[in-house]
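Notes follow the structure.
Quick note: residue numbers are just sequence positions, from 1. Atoms within each ligand, like the ligands themselves, are counted from 1 in listed order.
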Amino acid sequence: MPELPEVETIVRGLASCILNKVIAHVDVNLPRMVTPAPPLFEAMLRGQTLRACERRAKYIVFTLDHGYQLIVHLRMTGRFMYAQADDAAPPYSHVHFRFTDGTQLFFADTRTFGRMRIVEPDEAWAAGLGVEPLSPEFTVNALHALCKGRTTPIKTFLLDQRHIAGIGNIYACEALWQARIAPSTPAGNLKPAARAALHAALQDVLERAIHMRGTSARDYVDAEGLKGGFQNVLTVYGRHGQACPRPRCGGSIERSVLAQRGTWWCRRCQR
Ligand SMILES: [Zn+2]
């Protein structure tokens, strides 16, 4: 599933292609993917100019002329593809936008879990989402306040979008390795030094991943069809049985299961 760095990469790519374009036509081939149901969904978008394209957590947020927003969650395999006027639809294309200049935007999704929803200008659709980990609001003290008193394993805590938004399995594993914290440590038990290390590691891992245009662990590509590069520098995620990359550690990466999610870590240097 695309996490914060992948969605951020997609949003930046989309913004450079489609900002200020006017939607001439929308076609929905899979009605359950969109809210409200077609034909209202199509009618609310037709004639609208895309004024902004931003990320909130793992959501892509398009702001339209009339103040409504189109909120998109890619889930497992959703992807946008920007295309020229005469390009054919890609396989598994379920929503098709055509702009007044003839260019097109396809939303393709092999597993069809992706969702699009039009929300009202004052709708608090993001109210349940936690702090953005790269925002100024996410300080060491903020992390402390979020963790305080919690017995949830820190790895599971990091995946809970109500606390910190945008982190998924890959970057939770990577940040915990970087901060030398065992994934099963109760969130409320982290010592101040460990909390500070985790805070720094989360921001560092996410920033480096954005810089490398995300992780193409399975089939992720951005809106221009480019793969990310962060899969080449992963330290623990998906690497069970391999040597821990920390100099002089000598441990090997193992895979545990925490809250039904595969968790990669090094028992020797993550305490
Ligand atoms: Zn190690």
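Among all heavy-atom pairs drawn from His94 and Asp109, the shortest one is NE2-O, 2.9 Å.
Of all protein atoms, those that are N, O or S and lie under 2.8 Å from the Zn ion (ligand 1) total 4.
A salt bridge is absent between Glu174 and Arg208: the closest approach of a Lys/Arg side-chain nitrogen to an acidic carboxylate oxygen does not fall below 4.0 angstrom. Between Glu132 and Arg56, at least one side-chain N (NZ, or NE/NH1/NH2) sits under 4.0 Å from a carboxylate O, which counts as a salt bridge.
Judged by distance alone, with hydrogens and angles left aside, the side-chain atoms of Gln203 form a donor-acceptor pair with the main-chain N or O of Pro133 at under 3.5 Å. Without hydrogens or angle criteria, Ser93 side chain to Pro90 main chain gives no donor-acceptor distance under 3.5 Å. When atom types are taken as modelled, the side chain of Gln161 and the backbone of Ile167 share a donor-acceptor pair closer than 3.5 angstrom.
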